[in-house]
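So the structure is just underneath, and the comments pick up after that.
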Amino acid sequence: MSLSTQPYKGARDFYPKDKRVQKYMFDVLRKAVEKFGYEEYDAPILESLDLYLAKSGEEIVNEQTYSFEDRGGRHVAIRPEMTPSVSRMVAAKRQELVYPLRWYSIPNLWRYERPQRGRLREHWQLNVDMFGDPHITAEHEIILLVDTILRDFGAKRSMYQIKINSRKFTDYVLLEYLSLDQVQAHTISKLIDRMQKMDHEDFIVQLDVLCTPSQREVGTVQRLLDVLSAKSIADLPQSVKDHASLKELEAIMNLLQEQGITNAVFDSSLMRGFDYYTGIVFEVFDMHPDNNRSMLGGGRYDGLVGLFGVEPVPTVGFGFGDVTLKNFLEIHELMPVLHPEADVYVVLIGDVYAKAQKHLSQMRKLGLNIVVDTSGRKIAAQIQTAEKKDIHFVMFIGEDELSTEQFVLKNLQTGEDNKHGLNRLISVAKDYRQVEDEGSDSSL
RNA sequence: GCGGAUGUAGCUCAGUUGGUUAGAGCGCCUGCUUGUGGCGCAGGAGGCCGUGGGUUCAAGCCCCAUCAUUCGCCCCA
């Protein structure tokens, strides 16, 4: 049996073409979050398994985490998410950090599960968190940042929708307004999470099953449906409309609205999987009919840093996976044509490799990225190679050029040939790169 | 963890009720064309038909298993 050339299940190889896409995406992400002053951090890919057990009972630890015992008998996990790590880091330096912290990272994460569209075993995820701001200014900034990121990728607001809800409001509705017990509330919140994907009648039946006879008598299911069906805060039943959590939501929505973010909507059925959220939660949905799914999500989690035995630090954050981002860009045709790093492909004519070195060094010294064809193949083949590599210019160096100090620079897109002295040639090639950069920026 | 679909050339895929040396398009290499690409023409390389068993005189095709890919479910970062 021969060795397989396939990568491990659910993991990806990044050939240069793929890596270029990743570099582009990460570059846009970094620039966007840095516009808001966020600082990049990192943490180890291995963590103590205990770190994830703190949120005990969740499936992620039991079944979806890669874990093993090291040679010293320690229980180790490959990080399935970044939030515990960053909470740990903040807790460790709780006293000396200057708040609010604005931190981001693009970690490599692993989860053990069956791969499917938009979900692999290995992925990268932009993680952005603000620590230390208990006010809605934090939620507002984070959601504004999410909007900025998508806009920077060239997305129009019609392409995505930002759904916003509040855990405080959900808890109030389930526990107080409907008087459900803790277990019922938890089960029903999971059911609500699946509501959009389910048949509506089926949803109602399952809700009904979860209610006690006395709850049925007071119309609990219908009262919940009335809340869930509200299209806006104003649309909510009168009896829940005045809850304090809604004032926060309203304030955030208004701020976003004023900035033209009209695709942010209140959605009381938005739950999110993790139990650690304590306030506002939000999720961004792709509106493309063929990719109608959640792209990213986040919210407020004020309790996690406190798990490390220090004063809690209020936190708002979100995660945005590279696989879902790539799907979004591709389906909306937002992925730009990406060129390789090289500016010029150098075709050597005759035995001039040694004599050309001086010129090649000068080109590199002045900031040009050049590829030298050392194959000795005929010129046509060398030009074809440059074209296949999508390099913009070809330069010819032969005996004639070396003696006259005049070099032909060929633009492969236009087919145009021009003779230049070396320094002139270098600046022409560099100018093109700058024009191209500006061009791609303005199209975003 | 559960269910469906699919594995044939580098890629996308044909391959009849089981029947000689398994095909196409694109890509790749060479030549036509010795210092200039994209088009054209001519030629060429490249396949244990995912893997292992089984049925049969005979298997790419039928049966079983297994691995992989993929879509969905569960769950969701």
Side-chain angles (χ1 to χ4, degrees), chain A residues 1-2 4-12 15 52 55 57-65 77-86 107-127 129 189-191 193-194 197-198 270-277 281 283 290-291 293-299 301 304 317-324 345-350 352 373 375-402 407-419:
Chain A
M1 177 138 153
S2 66
S4 171
T5 57
Q6 280 180 334
Y8 173 71
K9 188 184 183 74
R12 292 163 288 168
Y15 286 86
Y52 306 104
K55 301 179 297 170
E58 296 198 33
E59 187 184 19
I60 175 169
V61 177
N62 303 326
E63 293 171 23
Q64 299 199 345
T65 299
I78 302 178
R79 63 186 177 197
E81 56 166 333
M82 199 57 164
T83 304
S85 297
V86 70
N108 184 220
L109 307 172
W110 289 79
R111 56 192 166 205
Y112 191 82
E113 67 167 355
R114 186 132 176 201
Q116 55 189 288
R117 180 173 167 80
R119 271 174 90 76
L120 301 174
R121 287 182 169 184
E122 182 200 28
H123 71 133
W124 277 260
Q125 188 186 65
L126 171 70
N127 270 254
D129 294 284
S189 73
K190 298 285 175 194
L191 190 60
D193 201 25
R194 279 157 53 211
K197 292 195 207 169
M198 295 175 69
L270 178 68
M271 290 295 128
R272 302 217 23 93
F274 276 143
D275 293 337
Y276 58 57
Y277 290 110
V281 289
E283 219 162 81
D290 297 334
N291 196 46
R293 51 167 54 222
S294 168
M295 279 201 297
L296 70 93
Y301 53 99
L304 275 190
F318 71 92
F320 191 3
D322 70 320
V323 184
T324 45
Y345 194 84
V346 179
V347 171
L348 299 177
I349 302 161
V352 296
D373 191 318
S375 69
R377 293 190 306 162
K378 63 185 204 179
I379 292 168
Q382 295 192 40
I383 293 173
Q384 278 179 32
T385 302
E387 200 194 3
K388 277 175 212 151
K389 288 180 181 292
D390 208 19
I391 296 171
H392 194 74
F393 289 110
V394 166
M395 174 193 189
F396 301 95
I397 302 183
E399 294 292 353
D400 290 354
E401 286 78 3
L402 288 169
F407 301 88
V408 176
L409 186 67
K410 184 182 183 68
N411 181 325
L412 285 183
Q413 270 169 28
T414 62
E416 210 178 342
D417 271 357
N418 281 303
K419 264 198 174 178

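Letters go in sequence order (proteins before strands), and every chain restarts at 1.
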Distances under 3.5 Å between nitrogen or oxygen atoms of protein and nucleotides 65-68 of chain B:
from	atom 1	to	atom 2	distance (Å)
B:A68	O2'	A:Gln6	OE1	3.3
B:A68	O2'	A:Gln6	NE2	2.9

What contact category does [X] fall into here, base, sugar-phosphate, or nothing, at under 4.0 angstrom with non-hydrogen atoms?
X        : value
A:Gln382 : nothing
A:Arg79  : nothing
A:Arg117 : sugar-phosphate

Rounded to whole angstroms, how far apart are [atom1] on [X] and [atom2] on [N]?
X        : N     : atom1 : atom2 : answer
A:Asn291 : B:C71 : CG    : C1'   : 14 Å
A:Leu296 : B:C76 : CG    : C1'   : 14 Å
A:Arg377 : B:C28 : CZ    : P     : 11 Å

Please measure how far the [atom1] atom in [N] lies from the corresponding atom in [M], and state the result in whole Å.
N     : M     : atom1 : value
B:A59 : B:G1  : P     : 35 Å
B:A45 : B:G4  : P     : 44 Å
B:A5  : B:A65 : P     : 14 Å
B:G25 : B:G15 : C1'   : 15 Å
B:C29 : B:A68 : C1'   : 31 Å
B:G3  : B:U56 : P     : 31 Å
B:G52 : B:U12 : C1'   : 28 Å
B:G38 : B:U70 : P     : 37 Å

Measure the acute angle between the ring planes of A:Tyr301 and A:Tyr276, then classify it against the limits of 30° and 60° as parallel, tilted or perpendicular.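 Because their plane-to-plane angle lies in the 30° to 60° range, the rings of A:Tyr301 and A:Tyr276 count as tilted.
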
Residues two or more places apart in sequence or in another chain: which of them pass side chain to side chain donor-acceptor pair (under 3.5 Å) with [X]?
X        : value
A:Tyr8   : A:Tyr66, A:Arg121
A:Gln116 : none
A:Asp373 : A:Tyr345, A:Ser375
A:Asp193 : none

With sequence neighbours excluded, tell me which residues meet ring-ring contact (aromatic ring centres under 6.0 Å, His included) with A:Phe396.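 Not a single residue meets the ring-ring contact (aromatic ring centres under 6.0 Å, His included) criterion with A:Phe396.
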
With sequence neighbours excluded, tell me which residues meet ring-ring contact (aromatic ring centres under 6.0 Å, His included) with A:Phe320.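 In terms of ring-ring contact (aromatic ring centres under 6.0 Å, His included), with neighbours along the sequence ignored, A:Phe320 is linked to no residue.
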
Could you check A:Tyr277 against A:Ile397 and say which one's nearest nucleotide on RNA chain B is further toward the 5' end?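 It is A:Ile397, whose closest nucleotide lies nearer the 5' terminus.
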
Give the B/S/- string for nucleotides 36-42 of chain B, one per nucleotide from 5' to 3', where a protein heavy atom under 4.0 Å of the base yields B, of only the sugar-phosphate yields S, and otherwise -. BBB----

Its contact letters, B for base, S for sugar-phosphate only and - for none at protein heavy atoms under 4.0 Å, make nucleotides 1-12 of chain B read BBB---------

Salt bridge (Lys or Arg N to Asp or Glu O under 4.0 Å) partners for A:Arg114, two or more places apart: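 Once residues adjacent in sequence are excluded, A:Arg114 has no partner under the salt bridge (Lys or Arg N to Asp or Glu O under 4.0 Å) criterion.
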
Among residues at least two apart in sequence or on other chains, which ones pass salt bridge (Lys or Arg N to Asp or Glu O under 4.0 Å) with A:Glu387?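 Listed in chain order: nothing, the list is empty.
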
Between B:C76 and A:Arg272, counting only base atoms on the nucleotide and side-chain atoms on the residue, is there a donor-acceptor pair under 3.5 Å?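 By the distance-only test, no, there is no pair.
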
Taking all non-hydrogen atoms of both residues into account, name the closest pair between [X] and [Y] and its distance.
X        : Y        : answer
A:Gly398 : A:Val352 : C-CG1, 4.1 Å
A:Gly299 : A:Tyr277 : N-CE2, 3.5 Å
A:Pro80  : A:Thr65  : CG-OG1, 3.9 Å

Kindly say if A:Lys388 contacts the phosphate of B:G27, meaning a side-chain N or O under 4.0 Å from OP1 or OP2.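 Negative; the distance criterion is not met.
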
Examine B:C75: is either OP1 or OP2 under 4.0 Å from a nitrogen or oxygen in the side chain of A:Arg119? Give yes or no.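 It does not, given that no N or O in the side chain of A:Arg119 lies less than 4.0 Å from OP1 or OP2 of B:C75.
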
Under 4.5 Å between any side-chain heavy atoms of [X] and [Y], yes or no?
X        : Y        : value
A:Asp390 : A:Leu412 : no
A:Gln413 : A:His392 : yes
A:Arg117 : A:Asn291 : yes

Dot-bracket pairing map - RNA chain B, Watson-Crick plus G-U, both contacts under 3.5 Å, | cross-strand: (((((((..((((.....[...)))).(((((.......))))).....(((((..]....))))))))))))....

